[in-house]
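As the structure is a prediction and not an experimental result, all values here were calculated from the model. Below, read A as the first sequence line, B as the second, and so on, with proteins coming before strands; counting in each chain starts at 1.
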Amino acid sequence: MAELTLNAVGKTYSGGVKAVSGVDIQISDGEFIVLVGPSGCGKSTLLRMVAGLETVTDGEIHIGSRLVNQLDPAERDIAMVFQNYALYPHMTVRDNMAYGLKNRRTPKAEIETRVAEAARMLELGQYLDRKPRALSGGQRQRVAMGRAIVRQPAAFLFDEPLSNLDAKLRVSMRMEIRKLQQRLGTTSLYVTHDQLEAMTLADRLVVLNGGRVEQIGAPLEVYRKPASTFVAAFIGSPAMSLLDATVEGGRLMLEGHVLAEVDHKAGPVTLGLRAEDLRLVARGGVPMRVEYIEELGAHRVVHGMVGDQSLAVVDQGAEAPGDLIHIAADPARLHLFDAATGQRIDVRSRVGEFAR
Amino acid sequence: MAELTLNAVGKTYSGGVKAVSGVDIQISDGEFIVLVGPSGCGKSTLLRMVAGLETVTDGEIHIGSRLVNQLDPAERDIAMVFQNYALYPHMTVRDNMAYGLKNRRTPKAEIETRVAEAARMLELGQYLDRKPRALSGGQRQRVAMGRAIVRQPAAFLFDEPLSNLDAKLRVSMRMEIRKLQQRLGTTSLYVTHDQLEAMTLADRLVVLNGGRVEQIGAPLEVYRKPASTFVAAFIGSPAMSLLDATVEGGRLMLEGHVLAEVDHKAGPVTLGLRAEDLRLVARGGVPMRVEYIEELGAHRVVHGMVGDQSLAVVDQGAEAPGDLIHIAADPARLHLFDAATGQRIDVRSRVGEFAR
Amino acid sequence: ATDITWWHGMGGRNGEVINEISQKFNASQDQCKLTPISKGTYEEALSSGIAAFRSGEQPNILQVFDAGAATIIAAKGATIPAEDLIKGAGEKFNREDFIAGVRNFYADSDGKFIGMPFNSSAPIMYLNTEAFEKAGVEPPKTWEDFEKIAPKLKEAGYLPMTASQLTWMMVENFKSRNNQQFATNNNGYDGIKGTELVANDANQVMMFEKLKEWADQGLYGFYGAGWADNLKPFEEGKAAMWIGSSGSFGGLQKSAKFPFGAVFMPYWGSIEGAGTQSFIGGAALFAMAGKPKAENDCTAKFFTFLTAPETQVYWHENTGYVPVTEAAYELAKSQGYYDEKPVAEVGIQQLMLPGGEWTKGYRMGFYPQIRSVMEREFNRIFSGEVSVKDAFDTIESEGNALLARFAKTAG
Amino acid sequence: MQKIKPFDHLILILGTLFLCVPVLMALMSSTHTAVDIHSNGLFITPGSNGYATYEKVLTHRGGFTGDVTGLLMLKNSLIMGFGFAIGKIVLSMMAAYALVYFRFRFATVLFWMIFATLLLPLEVRIMPSYQVMSQLHLLNSYTGLIVPLLASATGTFFFRQFFKSVPDELLEAARIDGAGPWKFFIDVLVPLSKTMMAAIFIIMFIYGWNQYLWPLLMTTDESFYTLMRGIKSILQVWVGSQIPDYNEAFALAVLAMVPPVAVVVIFQRMFIKGLTESDK
Amino acid sequence: MTDTPLSAQGPTAPSFLHRLRDWWSGETANPVKRVQFGHGLTPWLFVLPQLAVVVIFFYWPSAQAVTSSFYIEDPFGFGSTFVGMENYADALGSKEYLSTAWFTAFFCVVVTALALGIGLLLAVKADKVIRGAESYKTLLISVYAIAPPVAGLIGMMFFDMHMGPFTRLFAFFGHELRVGVDYWDTTIALITISVWKQIPYNFIFFLSGLQSVPVSVREAALIDARSGWRRFKDVTLPLLAPTAFFLLIINITYTMFDTFPIIDVIVKDKPANNPMTLVYKVYLDGFKGNDIGGSSAQSVILMVVVAALTVLQFRFLERRVHYG
Ligand SMILES: Nc1ncnc2c1ncn2[C@@H]1O[C@H](COP(=O)(O)OP(=O)(O)OP(=O)(O)O)[C@@H](O)[C@H]1O
Ligand SMILES: Nc1ncnc2c1ncn2[C@@H]1O[C@H](COP(=O)(O)OP(=O)(O)OP(=O)(O)O)[C@@H](O)[C@H]1O
Ligand SMILES: O=P(O)(O)OC[C@H](O)CO
Ligand SMILES: [Mg+2]
Ligand SMILES: [Mg+2]
C-alpha cells in the first residue's frame with residue numbers, strides 16, 4: 001500500500017504520436033481513482049506507464065517514495081486487471097492466482113493461504129481446479145481480480161475490467177470491486193469509459209481529454225460543477241444538454257426567452273442543462289416541441305427542440321411526440337460555459353426562476 | 001413488409017437439447033418486437049429459426065402468408081443484423097451494402113440509389129470506400145444496419161446488435177435504430193439481454209425463459225405488471241427487490257411490519273418492490289439499515305437490509321452506510337407473487353399506506 | 001584384424017550375394033575383415049564415393065559402373081591401380097588370366113588394370129523359341145539376317161524385336177561388335193585433352209536409320225529409354241527378340257512363361273572386320289587411395305579372392321553376371337552348368353570373341369551426361385522430330401562440348 | 001443451416017477414391033508375388049502371398065551383418081521422425097519466440113535469413129552439405145542425420161504466425177507477475193502452443209520419416225538403415241535387369257504408413273484445430 | 001461521437017535522439033507485439049540454435065555452391081579451372097536448359113492450380129457435410145503419409161505403357177498413352193501424380209482455413225445470396241486468401257523442388273527427351289553426372305529465380321490478401 005505520484009507525466013510513441021502530456025496526479029494511500037475519458041484519450045497509456053508496460057518519455061512516476069520510471073513491471077509492486085482478463089488459459093484458477101507469487105518465491109504454505117483467502121473472498125472456492133475456459137464471464141473476471149489481490153501489492157491497476165461483461169453482470173461486479181477495495185484499502189487506479197461506472201466507484205475522478213487532464217475531483221463535484229463543456233457532456237446520463245445562449249445586459253437569454261439574471265459580461269455563452277434538473281410547468285417557462293420519448297419504466301426521458309436546439313427532460317408525465325410543453329429550472333442548477341473555450345463560468349449571482 | 005407468425009415453434013438440437021418450445025407469437029406488419037431473456041434462454045435460436053439459419057423442428061413459421069419452414073434463408077426476404085456485425089471484411093462499405101442486392105439482380109442504378117440513400121440516413125457517406133477494419137465499432141454497426149435496410153425486406157432480424165458497443169454509443173445507436181424502424185415501418189424482431197434497450201425500443205416485449213415465453217406485452221405493461229418473479233427481476237434497473245412476506249388475516253406482513261391490507265388467502269407470498277416506488281419517511285415505515293450507496297449523479301441508489309433481506313431505494317438524501325432509515329410505498333405499487341410458482345397475484349383491493 | 005569397407009551400388013538379390021561373398025572372404029582368412037555397404041544405385045554409389053573422398057572418408061573399395069569409369073580413372077590420385085595394388089601386396093597377378101573382353105575396359109592405354117573387373121555383363125539377344133518355330137526361321141547372326149527373318153516373324157504375329165538401353169546396345173556395343181572407332185585419342189585412352197566423340201559417322205547413322213525404318217515397318221518396337229518398358233513385350237510373349245543384358249537371365253527365368261534362348265548380339269555383315277567382341281557392361285571395383293598399407297594389402301587380398309574361380313562361379317551362377325577369368329569359365333563349364341543352362345554361356349562367349357582395334361573400351365569424361373544426350377535424341381528420332389543425321393550431329397556437338405568441359409576439370 | 005446435397009458426397013467420394021485407391025492397390029499388391037506384379041501390374045484384390053511377404057519383411061535378417069530387419073528399419077525411421085519433428089519444434093519455437101517477443105536489432109533480417117532457407121532444399125546443396133558434415137565429424141550419427149534437415153524455415157514461419165496471434169495481455173500479465181523471458185516461454189507460451197505443436201509434429205514427423213537421399217549419403221553403417229532406404233534398395237533394381245521384389249516394397253510401404261497414419265488419426269482433431277488457431 | 005482524435009495535435013516528429021535510441025534498441029513504429037522483452041543477450045540465445053543450424057547447414061554449403069559455380073571442377077577435387085561466368089553462360093545459352101525452364105514454369109502453374117483447386121474443392125465439401133466427415137478427413141489426410149518413392153512407383157504402374165490402368169483408360173478414348181516416350185504423355189503422368197501427392201496437404205490447410213472463416217459472416221452470406229457458388233466466390237474464397245497465399249508459396253516450392261523423386265521414377269532414371277524440372281536437372285548433372293561447377297551454377301540460378309518469385313509474390317499478391 002502506498003501513495004502514487006505522477007509528475008508532469010507524458011508519453012510520445014515512437015511513431016511521434018503524443019498520447020499523454022503533462023499529467024500531474026497525486027494519489028493518497030488507499031484512494032480509489034478512476035480515469036475516464038473517451039476512446040483514445042490516453043487512459044490505457046497512462047495506466048500502462050504506471051504499470052511499467054510502456055516507457056515514460058516525460059516526467060516522473062513515484063510509487064511510495066520510489067521513483068519507478070526505470071523499473072521493470074515485476075519490480076514495481078503493482079497488480080493489474082486487464083480488460084479481457086488475460087488469464088493463463090492452460091492453468092487452473094488456483095495456478096493462475098499463484099503464478100505471480102511463485103515467481104516471487106513466496107513459500108508454498110503462504111501461497112496456499114493467500115489463494116484460499118482470495119478464493120473465499122471472491123467465492124471462487126469451488127472453481128479452484130477449473131481452467132478459465134470452463135468459467136462464465138463473471139467468474140473469469142473474479143479470477144483476474146483474485147490474481148491481483150493475492151499479490152497484496154502497493155497498488156491495483158484496472159484497465160476497463162468490466163467492459164466485456166453484459167450490463168447486468170457489470171452492475172454487480174462493480175459493486176464487488178468497490179467493496180473489495182474498501183476492505184483491502186489498496187491504492188487503486190481504474191480506467192473506464194463508462195461514466196456510470198466512474199461515478200459509482202471513484203473516490204476521485206480524473207477526466208482525461210486528448211492526453212491532458214480536464215478535471216480532477218470527487219464524482220459528485222465533477223457532476224455538479226463540470227469544469228468544461230467536455231466534462232459536462234461526458235459525465236451524466238442522459239448527457240447534459242448544451243445550448244447556445246447569450247447574456248444581454250445581465251440577463252441570460254435562450255432563444256429569446258429570459259432565463260435568469262446573471263452577473264456576467266454580455267456576449268454568447270454555452271448553457272448546460274441536465275435533464276433531471278428541468279421540470280414541466282403548466283404555463284410560462286421555455287416552450288419545447290416534443291420529438292420522441294424514451295420509456296425507461298421508472299421514468300421517461302423526453303427529447304425535444306427549443307428553437308432549433310435539442311434538449312432532454314426527465315419526466316413522469318404523459319406527453320406524446322408533437323406536443324408543445326413548457327419547461328423551467330432552478331437558476332441555481334444552470335451551468336454556464338465560455339462559448340469560445342468551453343471553460344466553466346462561475347457567475348456570482350443568479351436571480352429568479354427561469355422564464356416567469 | 002409483412003406479418004410474422006410463429007405457431008407452436010420449437011427447436012430440439014441434434015444433441016437432444018430442447019432450446020425452444022411451444023412459442024406462439026403473432027407479429028403485425030410494422031411492429032417492433034423485442035425478445036429479452038437471460039443468456040441461454042433461446043433468443044438467438046428463435047431468431048435464427050425465423051432467418052432460416054436453423055431448422056425448425058416443431059411448429060410453423062409464416063412470413064406474410066408464406067410458410068417458410070423449408071425455405072432457404074435467401075428466399076425468405078428477411079435481413080439480419082448480427083451481434084458481431086458479420087461484415088464481409090474484404091469488401092468496402094459500399095460493396096457490403098450492395099452485395100445482397102446484386103445477388104437479387106437489382107438494376108445497377110437502383111442499387112446505387114438505395115445505397116446512397118442508406119448511407120445518407122446512417123451518415124456513412126464518407127466511409128463508403130473504406131473496408132470494415134478501418135471503421136470504429138459504431139460505424140461498423142451502422143454498416144451492418146445499412147446492409148439490412150437497403151434490402152427493403154419483409155422483416156428485420158437483429159441479434160444483440162449493440163452489445164459490442166460502449167455504453168454511450170449504445171444509447172445513441174438505439175435511438176437511431178428506433179427512428180429508422182419507425183421511418184421505414186419494417187416489421188422487426190430484436191434480440192437483446194439488456195433490459196433498458198428492450199424497454200426503449202419495443203412496441204411489444206417478449207420475455208423468454210428457458211425456451212418458453214414468460215410474458216408478452218407492451219414495455220410499460222410488462223414493467224408495471226410483471227407476470228412472474230422472473231419477469232419482475234429481469235425488467236427494470238435497479239432490479240425489483242423480491243422479499244419473502246406473508247399474508248395473515250388479510251394483512252400483508254414483511255419482517256413483522258404490516259404493509260397493507262390485501263384480499264388474499266393467508267400464507268407466504270413473494271413481495272416485489274421497485275427502488276423508485278419507495279420513499280423515505282421520517283418515522284414509521286419499515287426500518288432499513290443502509291449498507292452502501294451508489295451515487296449516480298442524478299440520484300443515488302441506497303442499498304440496505306430489512307431484517308436479513310436486501311432492498312434498494314432511490315433517493316436524493318444524504319444517508320451514509322450504517323444509518324437506519326425508514327421507508328414507505330404506495331400500496332398500489334406493491335407487487336405480489338405466488339411464493340411457490342412465482343406467478344403474479346392480482347389482489348382485488350389493497351388498503352392504506354404501508355406501515356403507518 | 002584389419003577392417004576394410006566396400007561401397008557398392010547393388011540392391012535386391014545381387015546385394016545379398018555381395019554380402020554372401022564378403023562373408024566367405026572373411027571366413028576364408030583372419031587378417032582382414034571386409035564390410036560391404038550398399039550406397040544405393042550405381043550413380044549414388046559413385047557420388048557418395050566422390051563426396052566421401054573429398055572429405056577423406058572414402059571406403060577402401062568403390063564399385064564404379066562402366067559409364068563412370070572415365071571419371072574415376074581420370075582422377076589419377078583418387079585410386080591405386082588394381083594391378084599395382086595387388087602386386088605391391090605380393091599377390092599373384094596375370095592379365096592373361098582374364099577373358100579377352102574384360103581385359104581392357106578398366107585398364108589404361110598400356111593395358112594396366114586400374115579397376116578390378118567384377119560384375120561384368122554383355123548385351124545379348126534373347127529369342128522366343130516358340131516364335132522362331134512358328135515362323136520357321138533361324139536366329140540371326142547379322143543385321144542382314146535380321147532383315148530377312150523379321151518380316152516372317154511379323155507375319156507369324158510377333159513384334160520381331162525390342163531392345164533395352166539403346167546407348168549401350170546400339171552405340172557403345174555397335175562400335176565394339178563392328179570394330180568402329182568411338183572417340184579420338186584412341187577411344188579416349190591416350191588422354192583427356194582433345195578427345196572427341198565419333199558419333200555421326202556413316203555406319204552409326206546407318207544403324208539408326210535402319211532401326212527407324214524397321215520401327216516404321218513394325219519390325220522393331222521402340223518404347224523409350226526405360227529398361228523394363230522395352231523388355232515387357234518380350235516377357236509377355238509378344239516380341240520374338242529382345243536385346244538385353246546377359247545378367248537379365250535370372251529375371252527372365254521367372255517372368256517369361258515360354259521357352260527362350262539367346263544368341264550373340266548381331267553385327268553388320270556389310271561392315272568390314274565386324275563381328276568382334278562386345279564391351280563389358282556392369283561395373284568394376286576401384287581401390288581408393290589414401291589408405292594405410294595394411295588396409296591396401298587386405299584390399300589386394302580381397303581382389304585376389306574375388307578372381308578365384310570358385311568365387312567367380314558362385315557369383316556367375318547366382319546373379320547372371322559373367323565370370324571374368326578363363327579359369328572360372330572352365331570351372332563352370334566343367335561343372336556342367338551350361339549344359340543345364342545354355343543361355344548363361346552366351347554372354348561370356350561373346351566377350352571371348354576375337355577383339356579388334358576399337359574393342360577394348362572407351363574413356364570419356366562426363367559420359368553419363370553424354371548418355372543422357374543420346375537418350376534424348378533417340379526419343380526424338382523415333383517420334384520423328386529429327387532426322388537420324390541431325391540427331392547424331394547434336395549428339396556429337398553436345399558430347400564434344402561436355403568432353404571439352406571435362407578436359408578443363410583436370411586444371 | 002446449409003442443405004447438404006448428394007452431389008457433395010459424390011464429389012467427396014470421387015476425391016477419396018482418386019486419392020485412396022492407389023494406396024489400397026499398394027496394400028493389395030503387397031499380398032501378391034513379385035513376378036505376378038511384374039507381369040500384371042497392380043492388384044485391387046487380395047492375393048495369397050500376404051503372410052509370407054509380411055513375415056519376410058518383418059523378420060528377414062538382411063544386410064551384411066544380418067541385423068537389418070524390418071524392425072530395425074522401423075526403429076531408425078522412428079528416430080528420424082521423432083528426432084526431426086522434436087528438433088524442429090524446439091528450434092523453430094525458440095527462434096520464432098525471439099523474433100516475435102523481443103525488441104532487438106536485426107530481427108527482420110534474421111527472419112528473412114531463416115525464411116530464405118525455403119528457397120533451396122537439401123537435395124540441391126547436398127554435396128557441399130556432406131562436406132560440411134564431414135568437417136564437423138558428424139557422419140554416421142543420428143545428429144548428423146537429423147540436424148542439417150532442421151535448417152529450413154517452415155516451422156519457424158508457422159510458429160511466428162501463431163505467436164503473433166497470442167493475445168498481448170498474456171505477456172503483460174506475466175511480466176507483472178514477475179516472469180522473465182525464460183519463465184514466460186516455459187510456463188505460458190509452450191503450454192499454449194500445444195495444439196500447434198501437434199500439427200507441426202505430424203507434418204515434420206512425416207517429413208523426417210520419409211527422408212531417403214540424405215541418410216543414404218550420410219551413413220555407411222547398416223545399423224542406420226531406415227524403412228525408406230529398405231524400400232528404395234528393393235526398388236532400385238528395376239532400372240537394371242532384375243525383377244524387384246515389388247511385394248516386399250509395397251509391404252514395407254504399407255508398414256511405413258502405419259505410424260504416420262496412426263499419428264494422423266489420433267491427432268486429427270488437434271491437427272486441424274492447431275492449424276486453424278494461427279489464423280485467429 | 002466520443003472519439004477525440006489525437007491527430008488534432010498532430011504527430012510531432014521524433015527527435016533525432018529518439019530515433020537513434022529506437023534504432024539502437026530495435027524499436028520500430030510497428031512492433032510485432034505491443035510489449036516486448038528488452039534487448040540484450042536473451043533473444044540471441046533463443047535464435048542461436050536455429051541460426052547456427054541455418055548458417056552451418058544452409059549458408060555455408062550454399063556459399064560453397066556459389067563458389068563452385070565459377071569453376072569447372074574435377075569431381076574428386078584434384079583440379080579446377082576458374083571460368084568466371086562460363087557455367088552460367090553455358091546453362092542459360094543451352095536450348096535444353098531453356099526448354100526445361102519453360103517446362104518447369106508450365107508444370108508449376110498446372111500442378112499448383114490443380115492441387116490447390118482440387119484440395120479446395122474437397123475441403124469445401126468436407127467442411128459442409130456432417131455425416132461421414134471424420135472418415136473423409138481421415139482417409140484424405142492419410143494419403144499424406146505415403147512414402148514418396150512408393151507414390152512414384154504406384155504412379156509409374158498406373159501409367160505403365162503395357163499394363164497401366166490409365167493407359168487402358170486412354171486407349172478406350174482412342175489415345176495411345178506412351179509415358180516415357182511421348183513428351184506430353186509423360187507430362188500428363190507427372191502432373192497427375194504430383195497433384196495426387198499434394199492434394200492432402202492442401203486439403204488439410206484449406207479445411208482449417210475454412211473453419212476459421214467466421215460462422216456469422218458465412219451466415220450473412222447465406223441470407224444475401226441464394227447460389228452456393230456465388231457465396232463461395234464472393235465471400236468464402238476471399239476470406240481464404242491468407243491460407244491460399246501461404247499454400248501458393250508452399251505449392252510452388254513443392255512443384256519446383258519436391259516433385260523430383262516422382263520425375264525420377266516416371267522417367268525411370270533416364271529422362272531422355274521427357275520433360276523434367278530445373279531441380280531434376282541440377283540433380284542429374286550434379287549428383288548423377290558429377291558436373292559440380294555446372295550444377296552449382298544451375299542451383300544458383302534457381303535460387304535467384306525462386307527468390308525473385310517469392311519477393312514478387314509477397315509484393316504483388318500479398319497486398320491483395322486480406323488478413324483478418
Ligand atoms: N503503440 C502505439 N503507438 C502509437 N500510438 C499509440 C500506441 N498505442 C496507443 N497509441 C495512440 O495513443 C492514443 C491513446 O491511446 P490509449 O490506448 O491510451 O487510449 P484509451 O484512452 O485507452 O482508449 P480506449 O478507451 O479506446 O481504450 C491513441 O490515439 C492511440 O491511437
Ligand atoms: N448448436 C447447438 N447444439 C446444441 N445446443 C445448442 C446449440 N446452440 C445453442 N444451444 C443451446 O440452446 C440454448 C439456447 O441457446 P441460444 O443461443 O438461443 O441462447 P441465447 O438466448 O441467444 O443466449 P445469449 O444471450 O447468451 O446469446 C442454450 O442452452 C444453448 O446451450
Ligand atoms: O545392369 P548391368 O549391371 O548389367 O549394367 C548395365 C549397364 O552397363 C549400366 O551402365
Ligand atoms: Mg484503453
Ligand atoms: Mg444469443
Side chain to side chain contact (heavy atoms under 4.5 Å, CB included) between Ser47(C) and Asn290(E), intermediate numbers included: CA-CA 7 Å; Ser47(C) 290; Asn290(E) 303 121; 3.4 Å; yes
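- Taking 4.0 Å as the cut-off between side-chain N and carboxylate O, Lys288(E) and Glu44(C) do not count as a salt-bridged pair.
- Contact count versus chain C (heavy atoms, under 4.5 Å) is highest, among Asp90(E), Asp160(E), Leu284(E), for Asp90(E).
- Thr394(C) OG1 to Lys95(E) NZ: the interatomic distance, rounded to the nearest 0.5 Å, is 7.0 Å.
- Between the OG atom in Ser372(C) and the CE atom in Met276(E) there is a gap of 7.0 Å [rounded to 0.5 Å].
- Under the 30°/60° scheme for interplanar angles, the aromatic rings of Phe53(C) and Phe76(E) are found to stand perpendicular.
- Heavy atoms of other residues, nucleotides or ligands lying less than 6.0 angstrom from CH2 of Trp184(E) number more than 12.
- Among Phe382(C), Tyr223(C), Phe378(C), Phe406(C), the residue making the largest number of heavy-atom pairs under 4.5 Å with chain E is Tyr223(C).
- Using a cut-off of 4.0 Å between Lys/Arg side-chain N and Asp/Glu carboxylate O, Arg405(C) and Glu73(E) are scored as not salt-bridged.
- Separation of atoms CG (Asp291(E)) and CZ (Phe366(C)) is listed at 4.0 Å; rounding is to 0.5 Å.
- Put simply, the side chain of Asn379(C) gets close to the backbone of Gly180(E): a donor and an acceptor are under 3.5 Å apart.
- Per-residue heavy-atom pair counts under 4.5 Å with chain E were compared for Pro368(C), Gly68(C), Ala225(C), Ala51(C), and the maximum is reached by Ala225(C).
- Proximity to chain C (any heavy atom under 4.5 Å) is restricted, for Val83(E), to the side chain, taken from C-beta onward.
- Taking Ala401(C), Pro233(C), Gly49(C) one by one and counting their heavy-atom pairs under 4.5 Å with chain E, the maximum is reached by Pro233(C).
- For Ile50(C), the parts lying near chain E are the backbone and the side chain together; criterion is any non-hydrogen pair under 4.5 Å.
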Test log, rule side chain to side chain contact (heavy atoms under 4.5 Å, CB included), inputs Ile292(E) and Arg54(C): CA-CA 12 Å; Ile292(E) 294 174; Arg54(C) 293 178 68 122; 3.4 Å; yes
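- The structure places CG of Asn230(C) at 7.0 Å from NE2 of His162(E), a figure rounded to the nearest 0.5 Å.
- Using a 4.5 Å cut-off between heavy atoms, Ile370(C) makes no contact with chain E at all.
- Nearest heavy-atom pair, Phe78(E) versus Ala75(C), reported as atom, atom and distance to 0.1 Å: CD1-CB, 3.9 Å.
- Highest contact tally toward chain E, considering only Glu377(C), Arg376(C), Glu375(C), is held by Arg376(C) [criterion: heavy-atom pairs under 4.5 Å].
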Full working for salt bridge (Lys or Arg N to Asp or Glu O under 4.0 Å) between Lys270(E) and Glu43(C): CA-CA 12 Å; Lys270(E) 298 193 170 48; Glu43(C) 284 101 337; over 6 Å; no
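- Most heavy-atom pairs under 4.5 Å with chain E: of the set Gly226(C), Gly224(C), Gly77(C), Gly365(C), this distinction falls to Gly77(C).
- In this structure, chain E has no heavy atom under 4.5 Å from any part of Tyr367(C).
- Thr409(C) contributes no side-chain N or O that, together with a main-chain N or O of Ser80(E), makes up a donor-acceptor pair within less than 3.5 Å.
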